Number of protein chains: 4
Amino acid sequence: MSASPERREELLATAAEVFAAQGYNATTVRKIADAAGMLAGSLYYHFDSKESMLDEILSAFLDELWARYDAVLAAGLGPRETIEALVTESFREIDRHRAAVAIYQKESRHLQTQPRFAHLAGSQQQFEKAWLGTLERGVADQVFRADLDVRLTYRFVRDTVWVAASWYRPGGQHSPEEIARQYLSMVLEGIALRE
Amino acid sequence: MSASPERREELLATAAEVFAAQGYNATTVRKIADAAGMLAGSLYYHFDSKESMLDEILSAFLDELWARYDAVLAAGLGPRETIEALVTESFREIDRHRAAVAIYQKESRHLQTQPRFAHLAGSQQQFEKAWLGTLERGVADQVFRADLDVRLTYRFVRDTVWVAASWYRPGGQHSPEEIARQYLSMVLEGIALRE
Amino acid sequence: MSASPERREELLATAAEVFAAQGYNATTVRKIADAAGMLAGSLYYHFDSKESMLDEILSAFLDELWARYDAVLAAGLGPRETIEALVTESFREIDRHRAAVAIYQKESRHLQTQPRFAHLAGSQQQFEKAWLGTLERGVADQVFRADLDVRLTYRFVRDTVWVAASWYRPGGQHSPEEIARQYLSMVLEGIALRE
Amino acid sequence: MSASPERREELLATAAEVFAAQGYNATTVRKIADAAGMLAGSLYYHFDSKESMLDEILSAFLDELWARYDAVLAAGLGPRETIEALVTESFREIDRHRAAVAIYQKESRHLQTQPRFAHLAGSQQQFEKAWLGTLERGVADQVFRADLDVRLTYRFVRDTVWVAASWYRPGGQHSPEEIARQYLSMVLEGIALRE
DNA sequence: AATGAATGAGGTTTCATTCAT
DNA sequence: AATGAATGAAACCTCATTCAT
């Protein structure tokens, strides 16, 4: 029931791709096994259940994400620089864990209702605290506009970044850093041309 | 297999709520029937299948959306005014068909692989043509910035609007028009304070 | 998920027969369905799970048994008459619920380790209290022999009665009352001929 | 597929404990392996199959039992002394092979339907012949009561002895011989106090 | 002698769907 | 219009067994 970490990692990566492409519920264990070149039952040598695969995929992603976020938040940057760093780290995370991010986007809301995935709600609250807090600090410091509903701004920035997981393909035309740069430019300066 | 249009409408609205809340695949026919106060089998007096419910829900939404979009696009407005009108109509549509929009966001990508829902791909291409075309026209007219990858801009604007369906609740603090106004302000002018 | 009580009763009786004949674990849901003339999946219209069938079978038996036992214990009989009444009611219960009794005998010990069937342990303790208490009262009253280990006596009497479920067939040569009479005669007077 | 006899013996003893505690069907090969401190597949170096472990466990027990029974039956004792000797040997066997006896009690009936375990039926018939014959001889010799259904008496004595395997723990308060003595006293003289 | 990984058959359960009433 | 009962396919999962190492 333990099995070598490398094999697990491989299989989780495979499973994540299929979950992301087809949706968790629409993904049968057999499809994952097919993609891994084995029989459905064989997956159970490595994992307890389909659900535990999902759990591991999401947890690995969130753990890594929070390690990066925590580093950013601990750096003592100003609000604008913090937002820039968070956005950049987010795109890097999408680059590294594209499938996991896509799954998280699609499934997290209704997964939170299940006890096993209740921790997702906690992560989301922390997330809100970090981003919303930074935006509010920015408004107070007169770095960000004060005439906007800050919660609306929060959702705008948050969603705008993460939905990118639905179309992003690693190894594409733009590096994560370049995408982050352009996104930040849009979000901070707007797309309208200024005279 | 006939049944009054009003009852169908009611049942479709119920089904849409459940699909939006739980995901199409995770929604069993029994859950829909429970929410409608009837037994699972009874739904088949009104509808051919679970899939046809989904089809009707999405089609009703898309038909209405395109009626509005077509009116906007036929109005001969400038690029900026066109974008403003499209965004505003989109938020109105989210207000009217929140559940359908949420379903569309979550499921359309992988539904497109099924023949029955191939038309979703067509709709999406039309959508891209309308929005991307307007943005390109705006760049050419020097209304929108030329230093951004216009496809990235397109995705940014598109996602920015539609993900709102995942948190929007009709009857909330802001009217759809107010939300549209603030979103447009963010997208066009940016969230950074200008000196 | 409710369904008519009569149909449930029929199906439970069928399931109990198969459980008793083959053992709970060796009984597949398909075998029960075959015996009931339906498909395996159809059983799930009436019952939540194979385990819940077992639970209902055992609970119905224990509820009825305790109703009878409680009546006996409340009657204020002497120790010998109490034992006689308990033995007689037990054989009547074997007559009425042979399959359930046989299942109980074979499975209860290891079922008790599962939380869902923890109540079986409680029932068993009550059982011991009633029988052992009566035997001890009989020893004190000089109705039963004092030279035997009373716990050994308890197990002897208890097992003596209940194992009968493994060979008893309703409608056989002897009525439950006749079997009870002979068993009591053996237990009380012994099988050796006295001069 | 050879392996030392001692290791086999150890593993069979372990398997017997688990079979007795959980039931044969409910016992997975993995549970046995866990109890033996090895992996499931490793058991197949020592044994052909789970079934063959069961077979060896039961056969070892029955072989030993019959060796003792045959000695008793060949001794030319009277009916009462024969019953006393058989009961005593039975309790000794329970003491030595508790797990095997418990398994036999629980599983033999439905195992007999499988060709591989058909020999169990033969053993049971021999058993019945020995015990029932002795009882009948005792009735004819006016050693045992004639007013009881002798088949009922047979089942009474037989079950009464063997069910003890379900609660007996080696090394407990009473030696097998002491338990046999008290059981015989109960069976032969009854539990009622005589004036 | 044992491990690690896999197989494949079969088990329990779910669920969209059907249909007589 | 709706119910109650059933079907049948397919899903998740278990487990005895095999086999290269």
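Bear in mind the structure is a predicted one, so any value in this text is a computation, not a measurement. Naming: A, B, ... by sequence-line order, numbering from 1 per chain.
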- Query: Within this structure, what is the CE-to-C1' distance between Met38(A) and dA6(E), rounded to whole angstrom?
  - Reply: 6 Å
- Check salt bridge (charged side-chain N to carboxylate O under 4.0 Å, His left out) between Glu107(A) and all other residues, then give those that pass, not counting sequence neighbours. none
- Message: Test of understanding: with salt bridge (charged side-chain N to carboxylate O under 4.0 Å, His left out), list the residues that count as partners of Glu17(C), not counting sequence neighbours.
- Response: Arg98(C)
- Query: When you measure from the side chain of Lys50(C) to the backbone N and O of Thr27(C), does any donor-acceptor pair fall under 3.5 Å?
  - Reply: yes
- With DNA chain F as reference, determine whether Gly37(B) or Gly37(C) sits nearer its 5' end, using the nearest nucleotide of each. Gly37(B)
- Task: Send over the distance from Asp34(B) CG to dA2(F) P, rounded to a whole Å.
- Result: 15 Å
- Message: My understanding is that only residues two or more places apart in sequence, or in another chain, count here; which of them pass salt bridge (charged side-chain N to carboxylate O under 4.0 Å, His left out) with Arg96(B)?
- Response: Glu64(B), Glu93(B)
- Query: Heavy atoms, side chains only, cut-off 4.5 Å: are Phe61(A) and His97(A) in contact?
  - Reply: yes
- Note on the structure: Here the distance between atom C1' of dG4(F) and atom CG of Leu43(C), to the nearest Å, is 15 Å
Name each donor-acceptor pair under 3.5 Å that joins a side chain in residues 18-26 of chain A to protein atoms two or more places apart or in another chain, with its distance.
{"residue": "Gln22(A)", "atom": "OE1", "partner": "Lys31(A)", "partner atom": "NZ", "Å": "3.0"}
{"residue": "Tyr24(A)", "atom": "OH", "partner": "Glu51(A)", "partner atom": "N", "Å": "3.3"}

- Which parts of nucleotides 13-21 of chain E does protein reach within less than 4.0 Å, heavy atoms only, written one letter per nucleotide 5' to 3' as B for base, S for sugar-phosphate only and - for none? BBSSBB---
- Give the rounded distance in Å between these two atoms: OH of Tyr45(B) and C1' of dA1(F). 6 Å
- Message: Could you spell out the base pairing of DNA chain E as a dot-bracket line? Use Watson-Crick and G-U wobble contacts where both distances are under 3.5 Å, [ ] for crossing pairs, | for partners on a different strand.
- Response: .||||||||||||||||||||
- Take atom CG of Leu39(A) and atom C1' of dT7(E), then tell me their distance rounded to the nearest Å. 6 Å
- Got a donor-acceptor contact below 3.5 angstrom from the Arg8(A) side chain to the His46(A) backbone? yes
- Message: Any side-chain to backbone donor/acceptor pair from Arg109(C) onto Ser166(D)? Under 3.5 Å, distance only.
- Response: yes
- Item | Atom-to-atom span, CD1 of Ile32(D) to P of dC15(F) - whole angstrom | 12 Å
- How close or far is atom C1' of dG4(E) from atom CZ of Arg7(A), stated in whole angstroms? 12 Å
- Item | Distance in angstrom units between His46(A) NE2 and dT14(F) P, rounded | 15 Å
- Side chain of Thr14(A), backbone of Glu10(A): donor and acceptor closer than 3.5 Å? yes
